[in-house]
Amino acid sequence: MHKIEKFPQIDGELGWLETAPDSDVQLGRRVKGAQTFDFAVIGAGFTGLSTATRLAELHPSARIAVVDALRVGQGSSGRNAGFLIDLPHNVDYNETGVEYARSQYRLNTFAIDRLRAFKDRYRIPFWIDAGKYMAGHESENLKNLENFAAMLEQAGFEHEVVSGKDLARRLGTDYYQSAVYTPGNVLVNPAALVRGLVRALPSNVSLFENSPVQAVEYGPPHQLRFLGGTITARTLIQATNSFSEQFGKLSNRIAPIFTYASLTHPLSEDQMRHFKDVKSWGLTSAHPAGSTVRFTYDRRIFMRNTYDFLGDLRATRDELDSAWRQHRRSFEARFPFLKDMTFEYTWGGVFGVTLNHESAFTKAGDGVFVMGGCNGVGVVKGTYLGYYMADYVSGVKSDNLDFVLQNSKPSWIPPDPFRGIGAKMRLNREVSSAKGEV
Ligand SMILES: Cc1cc2nc3c(=O)[nH]c(=O)nc-3n(C[C@H](O)[C@H](O)[C@H](O)COP(=O)(O)OP(=O)(O)OC[C@H]3O[C@@H](n4cnc5c(N)ncnc54)[C@H](O)[C@@H]3O)c2cc1C
């Protein structure tokens, strides 16, 4: 029997969940007693829910279970920055090639279209087709923007360079010198979206929340052990992202990296003077370690930065406090006219990073399948990985599935302590070179 050692926890106050409608409603039951299913999916984030929804489409009479240690929306899927990125994210097309970028774009837009259809059908709120700015503050990073724009041009992706006063007018801050705007990105409240997706699960799918898997007896059939219950299934799909290694079927592929976010109170009418005619926007940085910032649909400022390798898969009070202090500095630099404004929520979340940016997507035993390592773009990536994992398990073939299989070979990462030392060194180097982009 394989025992799980590390479990997800709630790291801080989860702002998106707190501000989503019906956030206190429990959507699933806790696992109790012995139950049997055809398929069991571990993880009810974007990846696991997408797997279950597609499995149910392919097998309408099969019994399918989805289980999560937390409530839906409390995991990383509900804690992220809420960017549904259509373009290959910060890619260097010189390395991967234009054809790869176009295939990646096709998959990303396939996932966004699928999420959009669920959003429309189930009236999921806070979806905004706002596009995205990739912006630079430091002069030395403007060349990254130029390269990005040149690569978009080469691949034929729509974009616009916005600078100086024009950019300041659109953002409500003159902190950034220049930005590349791409229109196909969507901004969401990720907790509202992932919780809304539960409504897409048909009646042959049972959702279990607050049910950490404590041990697995691999078969087949495979048995998941919970406090006071078991789930037995012929086919087991693991969609636990950074927790994947805990289940013993994937090792030395994913590094768990923590990052943190804060959300202010909504701006008052008086504070909104500074944002006259400014529409809701989202911005990523011209530097890989820079801040992600949003001006949200409900007039709040969202700030995300700080990276940390946390082998325990949980953040301490000190780590959350230190992230809060960095968020404050970053916020005041960008919005000095909002000095009195406070953060209503600050939280942390883990995402799975692989060395070569390829995710794990693999058969890992008789009737056992594993996905993970979405490299910070898992809302869209998890959605298509989950969909094609259901196809893979069911023997449904397609060009998209072939592309996913060919590009899901994460390279080897040394075991701890070397993994932790290497990751911390690299993160420190990145963060110190980001300067005013943080
Ligand atoms: C602050 C932050 C900002 C980010 N911004 C973005 C962004 O803007 N856009 C984007 O695309 N991505 C972003 N990401 C990354 C994104 O959140 C992840 O890539 C995404 O959540 C991956 O989805 P997933 O379903 O694969 O994994 P998760 O969302 O991590 O879901 C895995 C689930 O497995 C469950 N689990 C783990 N262990 C067990 C167990 N023992 N028993 C039962 N259940 C278990 C967990 O509770 C969890 O709910 C960000 C991440 C963070 C932290």
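In listed order, ligands and their atoms are each counted from 1.
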Using 30° and 60° as the class limits, which term best fits the ring planes of Phe126 and Tyr297: parallel, tilted or perpendicular?
parallel

Donor-acceptor pair between Arg170 and Tyr133 side chains, under 3.5 angstrom
yes

When you check ligand 1 against the protein, what N or O pairs turn up below 3.5 Å? List the atom names and distances, or just say none.
{"unit_1": "ligand 1", "atom_1": "5 (N)", "unit_2": "Ala81", "atom_2": "N", "d": "2.9"}
{"unit_1": "ligand 1", "atom_1": "8 (O)", "unit_2": "Gly82", "atom_2": "N", "d": "3.3"}
{"unit_1": "ligand 1", "atom_1": "8 (O)", "unit_2": "Phe83", "atom_2": "N", "d": "3.0"}
{"unit_1": "ligand 1", "atom_1": "9 (N)", "unit_2": "Phe83", "atom_2": "O", "d": "3.0"}
{"unit_1": "ligand 1", "atom_1": "11 (O)", "unit_2": "Val377", "atom_2": "O", "d": "3.4"}
{"unit_1": "ligand 1", "atom_1": "11 (O)", "unit_2": "Gly378", "atom_2": "N", "d": "3.1"}
{"unit_1": "ligand 1", "atom_1": "11 (O)", "unit_2": "Val379", "atom_2": "N", "d": "2.9"}
{"unit_1": "ligand 1", "atom_1": "12 (N)", "unit_2": "Gly376", "atom_2": "O", "d": "3.0"}
{"unit_1": "ligand 1", "atom_1": "12 (N)", "unit_2": "Gly378", "atom_2": "N", "d": "3.4"}
{"unit_1": "ligand 1", "atom_1": "17 (O)", "unit_2": "Ser76", "atom_2": "O", "d": "3.2"}
{"unit_1": "ligand 1", "atom_1": "17 (O)", "unit_2": "Asn80", "atom_2": "ND2", "d": "3.2"}
{"unit_1": "ligand 1", "atom_1": "19 (O)", "unit_2": "Gly378", "atom_2": "N", "d": "3.1"}
{"unit_1": "ligand 1", "atom_1": "21 (O)", "unit_2": "Ser77", "atom_2": "N", "d": "3.2"}
{"unit_1": "ligand 1", "atom_1": "21 (O)", "unit_2": "Ser77", "atom_2": "OG", "d": "3.3"}
{"unit_1": "ligand 1", "atom_1": "23 (O)", "unit_2": "Ser77", "atom_2": "OG", "d": "3.4"}
{"unit_1": "ligand 1", "atom_1": "25 (O)", "unit_2": "Phe46", "atom_2": "N", "d": "3.2"}
{"unit_1": "ligand 1", "atom_1": "25 (O)", "unit_2": "Thr47", "atom_2": "N", "d": "3.0"}
{"unit_1": "ligand 1", "atom_1": "25 (O)", "unit_2": "Thr47", "atom_2": "OG1", "d": "3.2"}
{"unit_1": "ligand 1", "atom_1": "26 (O)", "unit_2": "Thr47", "atom_2": "OG1", "d": "2.6"}
{"unit_1": "ligand 1", "atom_1": "29 (O)", "unit_2": "Ser77", "atom_2": "N", "d": "2.9"}
{"unit_1": "ligand 1", "atom_1": "29 (O)", "unit_2": "Ser77", "atom_2": "OG", "d": "2.6"}
{"unit_1": "ligand 1", "atom_1": "41 (N)", "unit_2": "Val213", "atom_2": "O", "d": "3.2"}
{"unit_1": "ligand 1", "atom_1": "42 (N)", "unit_2": "Val213", "atom_2": "N", "d": "2.9"}
{"unit_1": "ligand 1", "atom_1": "44 (N)", "unit_2": "Ala69", "atom_2": "N", "d": "3.0"}
{"unit_1": "ligand 1", "atom_1": "47 (O)", "unit_2": "Asp68", "atom_2": "OD1", "d": "2.6"}
{"unit_1": "ligand 1", "atom_1": "49 (O)", "unit_2": "Asp68", "atom_2": "OD1", "d": "3.2"}
{"unit_1": "ligand 1", "atom_1": "49 (O)", "unit_2": "Asp68", "atom_2": "OD2", "d": "2.6"}

Suppose we screen for side-chain contact (heavy atoms from CB on, under 4.5 Å). Which residues come up paired with Asn204, at least two apart in sequence or across chains?
Ala56, Ile64, Pro202

Could you pull out all donor-acceptor pairs under 3.5 Å where a side-chain atom in residues 7-15 meets a protein atom, sequence neighbours excluded?
{"unit_1": "Gln9", "atom_1": "OE1", "unit_2": "Arg314", "atom_2": "NH1", "d": "3.2"}
{"unit_1": "Gln9", "atom_1": "NE2", "unit_2": "Asp11", "atom_2": "OD1", "d": "2.6"}
{"unit_1": "Gln9", "atom_1": "NE2", "unit_2": "Ala315", "atom_2": "O", "d": "3.3"}
{"unit_1": "Asp11", "atom_1": "OD1", "unit_2": "Ala315", "atom_2": "N", "d": "3.0"}
{"unit_1": "Asp11", "atom_1": "OD2", "unit_2": "Arg79", "atom_2": "NH1", "d": "2.7"}

Verify the distance criterion only: is there a donor paired with an acceptor across the side chains of Asp298 and Thr296 at less than 3.5 Å?
yes

Go through the structure and list residues passing side-chain contact (heavy atoms from CB on, under 4.5 Å) with Ser394, not counting sequence neighbours.
Leu55, Leu58, His59, Val396

